[in-house]
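Remarks on the structure that follows.
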Amino acid sequence: MKLKSAIIFILIIAIVVFGSYTAINGMTIGKVKIPSAKEAIDLGLDLAGGVYVILEAQTDAKGAELQKIMEQSKAVINERVNGIGVSEPNIVIEGNDRIRVELAGVKDVQEAIDMIGKTAQLKFIDAEGNEVITGQNVKSAEVQYQRNQETQKDQPVVALEFDKEGSKKFADATKKLVDKTNLEEKIIYIVLDNQVLSAPVVKSVIDDGKCVIEGSFTVEDASRLATLIRAGSLPVEMKEVQSSLIGPTLGLEALDKSVYAAFIAIMIIFLFMLLYYRIPGLIADVALTIYILLVLFGMQMLNAKLTLPGIAGLILSVGMAVDANVLIFERMKEELRLGKSVGASIESGFKRALSSVLDSNITTLIAGLVLYCFGTGPIRGFGVTLILGIIASMITAVLITKQLLKLMVNITGTKNPKLYGA
């Protein structure tokens with residue numbers, strides 16, 4: 001029994017040491033690379049740098065109509081931001097007619113602002129100014145390559161496919177224009193936000209619902225245009241009223257200092273628990289290390305962004321985890337002073353402290369959920385790490401600490417209450 005408990009305990013310690021080393025330094029095993037926690041966890045706007053911009057809707061709509069417009073605008077902007085590859089953007093409606101967009105890690109600020117704020121009203125117009133179809137009739141838009149007859153080189157173009165209504169309208173328009181004798185009368189102008197993108201001449205009837213936008217596009221230009229068309233038009237014009245650029249240097253410096261402060265705080269907690277509670281304190285230190293690994297793993301799994309307030313939430317949840325251990329260990333000491341055995345004191349201590357631990361953690365969990373659901377930006381980051389921390393805290397304090405204590409009792413066989421803080 002003692003040998004089996006020792007093997008299990010050593011195995012757990014080995015896993016914790018391996019996990020801690022990997023979280024700090026990363027590891028490469030053959031062709032498999034395990035990134036460190038710093039590399040694997042995405043940083044928020046305040047740490048990675050980036051931009052936030054506040055857009056204001058230019059409309060006289062009010063009430064339910066304005067709310068509908070803002071929800072539509074938010075959905076379109078979200079689609080566009082995802083199209084330019086920004087991970088985990090924060091897009092929220094502020095007040096009645098404003099949208100706040102936070103883009104972490106964005107390098108070309110003006111390009112991002114231009115894209116999210118464009119109305120993107122795409123129209124196909126004939127030479128007489130008649131509207132043939134609009135962006136609403138576009139079913140898909142993607143970048144393709146097409147041979148340029150003049151340069152004999154492949155160039156990026158935007159390939160469009162229309163819906164059933166758009167295909168019929170476009171076929172009817174090309175039928176009328178293909179027989180025109182004047183070259184200028186055979187043009188269909190492709191216009192985005194009142195700017196002519198392309199002016200192709202109709203040479204044949206297009207009845208398959210597909211066409212191509214040509215121009216002096218780079219791959220980036222064509223990709224950006226395709227994204228705008230796919231996302232659709234903003235229902236109203238959005239005006240930039242405020243923006244701010246945050247440099248990554250300041251953010252990374254703040255991250256390093258915060259991590260250093262957290263390390264010092266955790267080391268002091270570990271030392272206090274070890275000196276004051278002895279064997280249970282040692283077990284608590286191991287459990288707290290497991291707790292930190294669980295939180296870091298949870299953030300990676302959820303692709304959550306780490307912000308400065310998030311680090312504060314993580315440190316706060318460490319305090320909650322320690323608080324749970326303190327409640328349990330104090331109950332154990334009371335049982336030991338009454339003359340109960342170490343095994344009985346562990347069982348009774350956990351059982352009596354369980355309700356207090358659950359009450360304190362559940363109330364904090366509710367607060368974290370409220371912050372996440374109704375907060376914005378950094379407040380949500382605080383809520384995420386607090387929620388993850390509380391869940392991991394309950395798992396480690398209630399389950400892991402108890403099992404590790406039992407293993408330690410089986411290994412040492414000691415019955416001296418002083419070694420358990422009594």
Side-chain angles (χ1 to χ4, degrees), residues 1-17 20 262 264-295 314-367 386 389-422:
M1 185 67 178
K2 183 181 291 188
L3 179 62
K4 182 180 178 181
S5 297
I7 292 172
I8 294 172
F9 188 82
I10 292 170
L11 184 62
I12 292 171
I13 296 300
I15 293 172
V16 171
V17 171
S20 301
I264 292 175
I266 291 171
M267 288 300 102
I268 292 173
I269 290 171
F270 279 9
L271 184 60
F272 169 80
M273 294 297 289
L274 183 61
L275 294 176
Y276 192 78
Y277 290 106
R278 301 175 179 85
I279 289 178
L282 174 64
I283 298 302
D285 291 348
V286 175
L288 285 172
T289 304
I290 295 172
Y291 151 82
I292 294 171
L293 294 175
L294 286 175
V295 173
L314 179 59
I315 296 172
L316 175 61
S317 58
V318 170
M320 295 292 295
V322 172
D323 178 64
N325 284 314
V326 168
L327 285 172
I328 292 168
F329 295 161
E330 288 298 325
R331 290 289 189 180
M332 282 176 51
K333 285 167 65 176
E334 290 177 7
E335 299 299 316
L336 287 168
R337 286 165 184 161
L338 292 174
K340 292 186 178 180
S341 67
V342 172
S345 296
I346 291 173
E347 287 290 342
S348 182
F350 274 87
K351 185 176 180 180
R352 292 181 61 191
L354 182 61
S355 60
S356 298
V357 171
L358 290 178
D359 286 347
S360 61
N361 280 278
I362 289 173
T363 51
T364 309
L365 183 63
I366 292 171
L386 187 60
I390 293 301
I391 294 172
S393 169
M394 286 192 284
I395 292 172
T396 53
V398 176
L399 299 177
I400 296 176
T401 303
K402 183 178 181 180
Q403 297 307 316
L404 288 176
L405 269 174
K406 285 185 174 181
L407 288 173
M408 181 60 77
V409 171
N410 290 336
I411 294 169
T412 62
T414 181
K415 297 179 181 180
N416 187 350
K418 291 184 178 180
L419 292 177
Y420 292 86

Nearest heavy atoms of [X] and [Y], plus distance in Å:
X: K2; Y: N410; value: CG-O, 3.6 Å
X: I328; Y: A397; value: CD1-O, 3.6 Å
X: F329; Y: A284; value: CE1-CB, 3.7 Å
X: L327; Y: S356; value: CD1-CB, 4.1 Å
X: V295; Y: A392; value: CG2-CB, 3.8 Å
X: S360; Y: D323; value: OG-OD2, 4.4 Å

Hey, does [Y] have a side-chain heavy atom less than 4.5 Å from the side chain of [X]?
X: L405; Y: M332; answer: yes
X: Y277; Y: I283; answer: no
X: I400; Y: I12; answer: no
X: T364; Y: L316; answer: no
X: F9; Y: L404; answer: yes
X: F272; Y: V322; answer: no
X: I266; Y: L288; answer: no

Give, for atom [atom1] of [X] and atom [atom2] of [Y], the distance between the pair rounded to the nearest 0.5 Å.
X: N325; Y: S393; atom1: CG; atom2: OG; result: 7.5 Å
X: S317; Y: M394; atom1: OG; atom2: CE; result: 11.5 Å
X: I390; Y: I366; atom1: CD1; atom2: CD1; result: 11.5 Å
X: L386; Y: L314; atom1: CG; atom2: CG; result: 10.0 Å
X: L3; Y: I411; atom1: CG; atom2: CD1; result: 9.5 Å

Quick one: does [X]'s side chain have a donor or acceptor within less than 3.5 Å of a partner on [Y]'s backbone?
X: S348; Y: S345; result: no
X: T401; Y: T396; result: yes
X: Y276; Y: G281; result: no

So the salt bridge (Lys or Arg N to Asp or Glu O under 4.0 Å) pairs with at least one residue in residues 352-365 (sequence neighbours excluded) are E334-R352, E335-R352
The side chain to side chain contact (heavy atoms under 4.5 Å, CB included) partner of M408 among V286, V342, L282, I346 is L282
